[in-house]
**Q** 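This is the structure I want to talk about, given as structure tokens.
Only a predicted model underlies this, so the values are computations on that prediction, with no experimental measurement involved. Here is the naming used below: chain letters follow the sequence lines, and residue numbers restart at 1 for every chain. Side-chain atoms are counted along with the backbone in the values below, which use heavy atoms only and exclude waters and symmetry mates.
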There are 2 protein chains.
Amino acid sequence: MEFKEAKNKFVQTWGALGSQWGINKTMAQIHALLMIAPEPLSMEDVMEELQISRGNASMNLRALMDWGIVYKEFKQGERKEFFIAEKDLDELAVKIAQERSKREIKPALKVLKEVSSAVKENKTDEAKHFTEQTTKLYDFVLKADNMLEKATEFKDNWLGKLVMKIMK
Amino acid sequence: MEFKEAKNKFVQTWGALGSQWGINKTMAQIHALLMIAPEPLSMEDVMEELQISRGNASMNLRALMDWGIVYKEFKQGERKEFFIAEKDLDELAVKIAQERSKREIKPALKVLKEVSSAVKENKTDEAKHFTEQTTKLYDFVLKADNMLEKATEFKDNWLGKLVMKIMK
DNA sequence: CTAAACTTTCAAAAATAAATGAAAGTTATT
DNA sequence: AATAACTTTCATTTATTTTTGAAAGTTTAG
């Protein structure tokens, strides 16, 4: 396979994967590009490589920086900004997990808690069942969120490493 | 809070959560509805409650069954089909994890593997860096996918339970 | 201070995804 | 085998998300 073809295939694939995991396609593609770039890239470079507009590039680079997985870098004597991706993949996973927990799970948990304890006076069967089920769901999502949090601490901790080993 | 209000809030929230995790909004809402229904619901019921069309209900119920998280149920003497949700939440998590791995991660892994070993002859710096990075990414995604798989075996296994406990 | 170099914003356009509903398909009943 | 009860399909419409690009904003250098 030619290098250019492989590169393109990789960027497309990473983009598709990202878009299925809540990161928009262009954002994931920019990230892919930065991951494999041996040198920091300018906004021009990104626009050129992905054939996207200036506005699009600007917005998605900003978003990547908000997620904490892309950084600005300045070059000696150069006026413009360059960008590099977080290259430590464990760190990347931690950042993504934290962001998604904060933006999506935490707010949902708040509502689940609210509704699960909101109809306690109503004693119809339907209402009782509702309270039961939503309580279970709250506990479950809370557990999942905690796991996500704890999983991000794994890499530094002996127990985690042990478990990983056993889990093959 | 009134029961109806709580119910509506719950359905909306579950729908939003789902849509951020790769399950379409209506699909997640139907699932929510079935989760809290004390009795199996017919397609009519679902259409009525969510104010959606017959086609929409049919397609999304089918999708939920493909995911293995909703089942058909037949009632004595009734001609029409009723639906119930998988109520075991651990089972739900397993099913979702399996489906997403199969549909999204596995195909991506295939491409990653392909491109990471595709440009080995090319010896420019850029190509070398590309191979290095994509190899790392492949390993990383593979590891993540394995974790997802193993996590689904946790609930039945003593070590898993222990770890869960320690993780609080 | 001001012009040049560069970045961000945002209303409008384009692309994508999801929903509708009527027609076609299926299955059970008489 | 005809009809009624119900479900699925899919071309079209509608809603949502993403992208564009030109104008406004910012920063640096002279």
Side-chain angles (χ1 to χ4, degrees), chain A residues 11-34 40-67 70-84 100 103-104, chain B residues 11-34 40-67 70-84 100 103-104:
Chain A
V11 171
Q12 295 306 321
T13 303
W14 203 245
L17 194 62
S19 72
Q20 274 155 338
W21 289 83
I23 288 144
N24 107 353
K25 194 185 62 174
T26 305
M27 196 170 149
Q29 287 181 344
I30 295 177
H31 181 253
L33 207 58
L34 293 176
L41 299 183
S42 69
M43 210 157 91
E44 292 289 339
D45 295 334
V46 172
M47 288 165 61
E48 169 65 24
E49 290 257 18
L50 299 180
Q51 294 290 307
I52 58 173
S53 71
R54 189 172 295 286
N56 199 3
S58 171
M59 285 186 130
N60 285 111
L61 279 166
R62 154 68 79 108
L64 284 163
M65 292 193 305
D66 287 349
W67 281 66
V70 160
Y71 312 109
K72 271 189 190 168
E73 197 160 86
F74 296 93
K75 276 194 190 170
Q76 273 295 2
E78 286 265 23
R79 178 77 168 278
K80 66 170 147 265
E81 302 170 329
F82 291 82
F83 300 89
I84 55 174
R100 301 210 56 184
R103 291 173 201 228
E104 295 149 21
Chain B
V11 170
Q12 295 306 322
T13 302
W14 202 245
L17 194 62
S19 71
Q20 274 153 339
W21 290 84
I23 288 144
N24 106 354
K25 195 185 61 174
T26 305
M27 195 169 149
Q29 287 183 346
I30 295 177
H31 181 252
L33 206 58
L34 293 176
L41 299 184
S42 69
M43 209 157 91
E44 293 290 339
D45 295 335
V46 172
M47 288 165 58
E48 169 65 23
E49 289 259 17
L50 300 179
Q51 293 290 307
I52 59 175
S53 70
R54 189 170 295 285
N56 198 4
S58 172
M59 298 259 239
N60 285 111
L61 279 166
R62 152 70 77 110
L64 284 163
M65 292 193 306
D66 287 349
W67 280 67
V70 161
Y71 313 108
K72 272 188 189 170
E73 198 161 86
F74 296 93
K75 277 193 190 171
Q76 273 295 2
E78 285 267 21
R79 179 80 168 274
K80 67 170 146 264
E81 302 169 330
F82 291 81
F83 300 90
I84 54 173
R100 302 211 56 182
R103 291 172 200 226
E104 296 149 20

**Q** Can a donor-acceptor pair under 3.5 Å be found between the side-chain atoms of B/Arg62 and the base atoms of D/dT8?
**A** no

**Q** In terms of heavy-atom contacts, does CD of A/Glu48 have more than 12 from other residues, nucleotides or ligands at under 6.0 Å?
**A** no

**Q** Between C/dT8, D/dT7, C/dC6, which nucleotide has the shortest distance from any of its atoms to the side chain of B/Glu81?
**A** D/dT7

**Q** OP1 or OP2 of C/dA19 less than 4.0 angstrom from a side-chain nitrogen or oxygen of B/Asn24, does that happen here?
**A** yes

**Q** If I take atom CD1 in residue A/Ile23 and atom P in nucleotide D/dT17, what distance separates them, rounded to the nearest angstrom?
**A** 17 Å

**Q** Quickly work out the B/Gln29 CD to C/dA19 C1' distance and round it to whole Å.
**A** 12 Å

**Q** Select one nucleotide: of D/dT18, C/dA5, D/dT7, the one nearest the side-chain heavy atoms of B/Arg54.
**A** D/dT7

**Q** Which nucleotide, C/dT7, D/dT19, C/dA19, lies nearest any side-chain atom of A/Ser53?
**A** D/dT19

**Q** Could you measure the distance from the CG atom of A/Leu41 to the CD atom of A/Glu73? Nearest 0.5 Å is fine.
**A** 11.0 Å

**Q** Side-chain N or O of B/Thr26 less than 4.0 angstrom from OP1 or OP2 on C/dA18?
**A** no

**Q** I need the minimum non-hydrogen distance between A/Val70 and A/Met65, along with the two atoms involved.
**A** O-CG, 3.3 Å

**Q** Over how many whole Å does the gap from B/Lys25 atom NZ to D/dT14 atom P extend?
**A** 17 Å

**Q** If each of A/Met59 and A/Glu78 is mapped to the nucleotide of DNA chain C with the nearest heavy atom, which maps nearer the 5' terminus, i.e. the 5' end?
**A** A/Glu78

**Q** Between A/Arg100 and B/Gln20, does a side-chain contact (heavy atoms from CB on, under 4.5 Å) hold up when you go through it step by step?
**A** CA-CA 9 Å; A/Arg100 301 210 56 184; B/Gln20 274 153 339; 4.1 Å; yes

**Q** Whole angstroms only, please: what is the CE-P distance between A/Met43 and C/dC6?
**A** 11 Å

**Q** How close do A/Ser42 and A/Phe82 get, heavy atom to heavy atom, and via which atoms?
**A** N-CD2, 3.6 Å

**Q** Send over the distance from A/Gln51 CD to C/dA14 P, rounded to a whole Å.
**A** 18 Å

**Q** Looking only at the side chain of A/Arg79 (C-beta and beyond, no hydrogens), which of the listed nucleotides D/dT20, D/dT27, D/dT7 gets closest?
**A** D/dT27

**Q** Rounding to an integer number of Å, can you tell me how far B/Asn60 CG sits from D/dT8 P?
**A** 12 Å

**Q** Return the value, rounded to whole Å, for the distance between atom CD1 of B/Ile52 and atom P of C/dT20.
**A** 7 Å

**Q** Just the rounded figure in Å: distance from P of C/dT7 to CG of A/Leu64.
**A** 16 Å

